[in-house]
Asker: 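Attaching a single structure in structure tokens format; questions to follow.
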Amino acid sequence: MVAGADISPREAEVLRLVGAHLSNAEIAARLVISVRTVESHVSSLLRKLGVPDRRALARRAPEPAGAAPSQPAAVLPAPLTSFVGRLRERAELAGMIKACRQVTAVGPGGVGKTRLALAVAAEAAGEYSDGAWFVDLVPVADPGMIATAVAGALGLGEQPGRDMTESVVAALADRHALLVLDNCEQVVNGVALFLERLLATCPRVTVLVTSRARLMVPFERVYEVPPLSLPVAGESDAVALFMERAAAVGRPLDPPPRDQIAAICERLDGMALAIELAAARYPMLGLDGITAALSHPLRMLTGGSRADQRHRSVRAALDWSHALLEPADRALLRRVSVFAAPFTAAAAAEVAGSEEGLVADGLARLAAQSLLVVTASPGGTEYRALETIRQYGMERLAEAGELVDARSRHLRWCLAEAAGLAVVRADWRARFDLVADDLRAALAWAADRPEQRTDACDLARRLAELTFTRNLTGESQRRYEQAAALTTDPADGASKLRQAAAVAGCRTIGDDMYRLRRAAAEAARGSGDGAGAAADLATAAVIAFRFSTTFVRLPPREEVLALITEARELAGDDPAAQAAVALAEAAVLTDAFGAAQGPPGNAVPETIARAEHAVELARRTGDPLAESAALDALTGAQSWAGDTFAAAATARRRITLLSSSPPISPAGTHELIDALGMVTEACLGAGDVPGARRWARRLADHPSLAEVGHRATCRLLMVDALAGNVDEVLTGSVRFLDAWRRAGRPARSLLRPAVAAVAMVHGLRDEHDARREWQEVLDQLGTPTGHTYGYGAVFDAMLLLHRGQASEALERMTPEPGQVWKWVAWIWHHWYVALRTEAAVLAGSPDARDRLAEARTIVAGNPVATALVERAGALLVGDHEGLLATTDAFDAAGCRYQSARTMVLAGGDHAERGAAALADLGFAPIAPIAPFRHPR
């Protein structure tokens, strides 16, 4: 618990996870609450702890258990020092943000834009139900990273399949919030484009921007931030600020010589930063010394427009502060200005090229002169320069002819930091987040300098790897592509483009996977690697069919066939290339993956033969990822053949293969995620409910799916619904629905069975309104005609049988099993057959006995389906002992609902125990049915 704050136990849990640098979606999944609830807790914590943003909030988190001892987290009030005056400006700006949805507070550096915006936002936060959020854009030099910075402040991670802007817009679409974007001048055009999308889609979001320049967009309302008021009738904000800051450094002015202070403030044009710098010098110089020191530079800098004078007054104060420093401290100030984010004394020593002890002393002296801000963090003392001072230092660095040297040392430091982050430890996220902005800044500088191209390529690659580990997959893909463009070796470029394609796969962006694999083929061809080019072309063809549902624009079949032809010509006798071509032939020629554009009448024997050939060739290469992809094709081929158990065995074999090769790489992660989904479904189809649940749980907990809870939980919901795990379904459905809505309600086919499963569970609980809500979601997802008799029939039949409507259940499953479309039915085939048999028996169908005999043959080996069929057989002939025996079978198979249902069907005392078991599980009573009759 944080001392001095009224924080609830749940807020304390959220704070701890914020301190671990988890996103809101990750926290929600960890605590099993909705993302909106997490957002509310974070907003409350910001207010209660008086901190300006999420980064500061993370510093207030308690140390994780078992962590190495470190300095205590700092108390970072918002603002760091008291806010003085500006009553009129606060009222005017507050009124503008009430009336306008986008207001830009403009003014020169040092006038106090940030402090004014923070004060107004703090006062207005209570008027926004979703709070006020602060985003510091100082470290952002790339317009493409604006949304990433905003997402970080909001606690959003990246959602696969969407860029960060889309994720931010989706998260704020129904929010009533105030967003403060601070220091936007270096990315004005990018901010303008970002806000245009944000404001058009998020009608209840208001944005307050601070910048030295206007955004120059039609929806902008500009507020010019004036200097602090100078003496008029004895009142002056400028004088009040000087006196307070002077007192803060240990020399209160008592009695205050207001006229002398007023004269200093007038010479500084009422500029807040300049006044604070002057006040920091008061203990050493006194008012007379400050007056004397300021007179000369200010006289030299007169003239020009009033705005120019304001700029010059700040520069004059900085020049004056700079001139009073010792030469070593001047050099240190300009050299540490290359840091884009807070830095430690050790980092400063490396970049400054000096001994750490000397640098630490120098940093302390700079902080004493208000030229650096000092904060304590779990990782040690950190320093940072205000943006105006940092820019001033960069100018001085260039004037001294040291810019390239300092930037180069900073680049080497960044490379070393990136290399150190290759080992993932418990505090990895915090360590990465601390240096990420500097890595990006160093890369942006080096990428434009030919002499730094090698280091830039290395840093781009390392940043690609690190951002992938951090689940910033959009940036990771971009950095891999950047590294490929920077390398001078075409073979190395091909390798990086393959990695970029794999990251695109993790993002479920099929178009990019296809494009990047084709680009890799061109690079490989350019390096003289024909076999590598062949493998890339064949893999691109596979992608078009294997991941067809992730494309916006599917490549024409003729184009894909041409890729296979070209790949055959280039493959030669290279084993890897031949294996890739064999898989492409299985994927495209016989459609082993059941693609949207695949031929409808593929022959099962040929499909299996080609898939088995691809598996054998891939196995010979020794590449587990290539073999896994081929096994996926074989799983699909076996499912086409209706061989449920072979499909499950192949899916398990694939998981075993991948488990022996840790999927740290993008390609490994992508393959594992796909394999976990397939093995869950295949095991469920074979009646291995515990196994299916184990794999589904692992999938739901995978870090790469943290931001897409609907994709993470969809298989687990399906399994838990069939098992009768009501609590798990209700809990998981919150995460599913919350994430699905935040993702923009995507109509993905893999989500439909989960939604139907949750709707069934609510039906089994007699929760009609909740069932209606989930049916509406299912309607939005759509149910193709071919899927009607797959999961839809299974879940509908279970509910109808629970309600005692056996005839309706039988009607719902009218088609014979062989008539149901094979691709939809492969998971559900045994469930369909077994439930259809039970419906026929309970409905008194005259052909029930024939159906029973046929069903026993079809489901043999499936423990759940077999128990369902044997229960139907016992009901048909009145075998009481046989009926009760299925209870043990259901328990062993992990189907608690069916076990309880069996006892109810048995009647008598068993029925009472069954009803109690159903109630314990959370289900409504089963509708009355005819009592069990013993045979005569």
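Fair warning: this is a prediction, and the values are worked out from it, not measured in the lab. Only this structure's heavy atoms are used, side chains among them; waters, hydrogens and symmetry mates stay out.
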Asker: Is a side-chain N or O of D130 found less than 3.5 angstrom from the main chain of A177, in a donor-acceptor match?
Answerer: no

Asker: For the backbone of G393 and the side chain of R334, can you confirm whether one donor and one acceptor N or O come within less than 3.5 Å of each other?
Answerer: no

Asker: Would you say the side chain of T508 lies within less than 4.5 Å of the side chain of V708, judging by non-hydrogen atoms?
Answerer: no

Asker: So do R212 and C184 actually touch side chain to side chain, heavy atoms under 4.5 Å?
Answerer: no

Asker: Between atom NE2 of H176 and atom OG1 of T206, what is the distance when rounded to the nearest 0.5 Å?
Answerer: 6.0 Å

Asker: For E166, give me all partners under salt bridge (Lys or Arg N to Asp or Glu O under 4.0 Å), at least two apart in sequence or on another chain.
Answerer: none

Asker: Just by distance, do the side chain of R735 and the backbone of I33 share a donor-acceptor pair under 3.5 Å?
Answerer: no

Asker: Could you check whether any side-chain N or O of N24 sits under 3.5 Å from a backbone N or O of L154, counting only pairs where one atom can act as donor and the other as acceptor?
Answerer: yes

Asker: What heavy-atom pair brings A171 and R742 nearest, and what distance separates the two atoms?
Answerer: CB-NH2, 3.4 Å

Asker: Quick check: do V351 and V336 have side-chain heavy atoms less than 4.5 Å from each other?
Answerer: no

Asker: Would you say the ring centroid of W413 lies under 6.0 angstrom from that of F339?
Answerer: yes

Asker: What are the two closest heavy atoms between R175 and V205, and how far apart are they?
Answerer: O-CG2, 3.7 Å

Asker: Tell me the side-chain hydrogen bond (donor to acceptor under 3.5 Å, both in side chains) pairs involving residues 470-483, sequence neighbours left out?
Answerer: D142-R478, E158-T473, D433-R470, R440-E475, E475-R479, Q477-E481, Q477-R507, Q477-D512, R479-Q482, E481-R515

Asker: Passes salt bridge (charged side-chain N to carboxylate O under 4.0 Å, His left out), D174 versus R36? Steps please.
Answerer: CA-CA 11 Å; D174 62 345; R36 181 175 286 241; 2.8 Å; yes

Asker: Run the side chain to side chain contact (heavy atoms under 4.5 Å, CB included) test on L397 and R335 for me, step by step, so that the C-alpha distance in whole Å, both residues' side-chain angles and the decisive distance to 0.1 Å come before the verdict.
Answerer: CA-CA 7 Å; L397 195 63; R335 289 169 186 170; 4.1 Å; yes

Asker: Can you see which heavy atom on T165 is nearest to which on R197, and at what distance?
Answerer: CG2-NH1, 3.5 Å

Asker: Side-chain contact test, heavy atoms from C-beta onward, threshold under 4.5 Å: evaluate it for L181 versus T210 and give yes or no.
Answerer: no

Asker: Less than 4.5 Å apart, side chain to side chain, heavy atoms only: is that true for L439 and L466?
Answerer: yes

Asker: To the nearest 0.5 angstrom, please state how far the CD atom of Q102 sits from the SG atom of C100.
Answerer: 9.0 Å

Asker: Is the backbone of G157 close enough, under 3.5 Å, to the side chain of E707 for a donor and an acceptor to pair up by distance?
Answerer: yes

Asker: Determine the minimum heavy-atom distance between A173 and P203, stating which atoms define it.
Answerer: O-CD, 3.6 Å

Asker: Please determine whether side chain to side chain contact (heavy atoms under 4.5 Å, CB included) holds for the pair C202 and V169, giving the CA-CA distance in whole Å, both sets of side-chain angles, and the decisive distance to 0.1 Å.
Answerer: CA-CA 7 Å; C202 309; V169 168; 4.1 Å; yes

Asker: Please step through side chain to side chain donor-acceptor pair (under 3.5 Å) for the pair Q499 and S665, ending with a clear verdict.
Answerer: CA-CA 8 Å; Q499 292 282 63; S665 68; 5.3 Å; no

Asker: For the pair Q452 (side chain) and A446 (backbone), establish whether a donor and an acceptor sit closer than 3.5 Å, ignoring hydrogens and angles.
Answerer: no

Asker: Would the number of heavy atoms belonging to other residues, nucleotides or ligands and lying under 6.0 Å from CZ of R453 be above 12?
Answerer: yes

Asker: Could you check if a side-chain atom of L156 sits within less than 4.5 angstrom of a side-chain atom of M164, using non-hydrogen atoms only?
Answerer: no

Asker: Are the side chain of S211 and the backbone N or O of R214 linked by a donor-acceptor pair below 3.5 Å?
Answerer: no

Asker: If we only count heavy atoms from C-beta on, is the F194 to V168 side-chain gap below 4.5 Å?
Answerer: yes

Asker: For the aromatic rings, using the six-membered ring if either is Trp, is the centroid distance between W428 and F432 under 6.0 Å?
Answerer: yes

Asker: Between E26 and R30, is there a side-chain N and carboxylate O pair less than 4.0 Å apart?
Answerer: no

Asker: Find the distance between OH (Y383) and OG1 (T344) and round it off to the nearest 0.5 Å.
Answerer: 9.0 Å

Asker: If I take atom OG1 from residue T104 and atom CG from residue L208, how far apart are they, to the nearest 0.5 angstrom?
Answerer: 8.0 Å

Asker: Indicate the atoms forming the closest heavy-atom contact of L443 with L463, along with that distance.
Answerer: CD2-CD2, 4.1 Å

Asker: Which value, rounded to the nearest 0.5 Å, describes the distance between L403 atom CG and R396 atom CZ?
Answerer: 14.5 Å

Asker: I'd like to know whether V103 forms a side chain to side chain contact (heavy atoms under 4.5 Å, CB included) with V209, so could you lay out the CA-CA distance, the side-chain angles of the two residues, the decisive distance to 0.1 Å, and finally the verdict.
Answerer: CA-CA 6 Å; V103 178; V209 166; over 6 Å; no

Asker: Begin from the C-alpha positions of E350 and R409 and carry the test salt bridge (charged side-chain N to carboxylate O under 4.0 Å, His left out) through to its verdict.
Answerer: CA-CA 7 Å; E350 291 194 40; R409 285 198 298 268; over 6 Å; no

Asker: When you measure from the side chain of Q186 to the backbone N and O of L137, does any donor-acceptor pair fall under 3.5 Å?
Answerer: yes

Asker: For V138 and D182, what are the C-alpha separation, side-chain angles and deciding distance, and is it a side chain to side chain contact (heavy atoms under 4.5 Å, CB included)?
Answerer: CA-CA 7 Å; V138 164; D182 191 38; 5.5 Å; no

Asker: Would you please test S34 and T37 for side chain to side chain donor-acceptor pair (under 3.5 Å) and show each step?
Answerer: CA-CA 5 Å; S34 72; T37 301; 2.8 Å; yes

Asker: Where do E382 and P342 come nearest, in terms of heavy atoms and distance?
Answerer: OE1-CB, 3.6 Å

Asker: For P746, is there any backbone N or O sitting under 3.5 Å from a side-chain donor or acceptor partner on W740?
Answerer: yes

Asker: Would you please indicate yes or no on a ring centroid separation below 6.0 angstrom for F547 and H670?
Answerer: yes

Asker: Got a donor-acceptor contact below 3.5 angstrom from the R431 side chain to the V424 backbone?
Answerer: no

Asker: Do F468 and T669 have side chains that get closer than 4.5 Å, going by heavy atoms?
Answerer: yes

Asker: Would you indicate whether R221, at its atom CZ, is surrounded by more than 12 heavy atoms from other residues, nucleotides or ligands within a distance under 6.0 Å?
Answerer: no

Asker: Rounded to the nearest 0.5 Å, what's the gap from CG on L705 to CD on Q159? Could you check?
Answerer: 11.5 Å

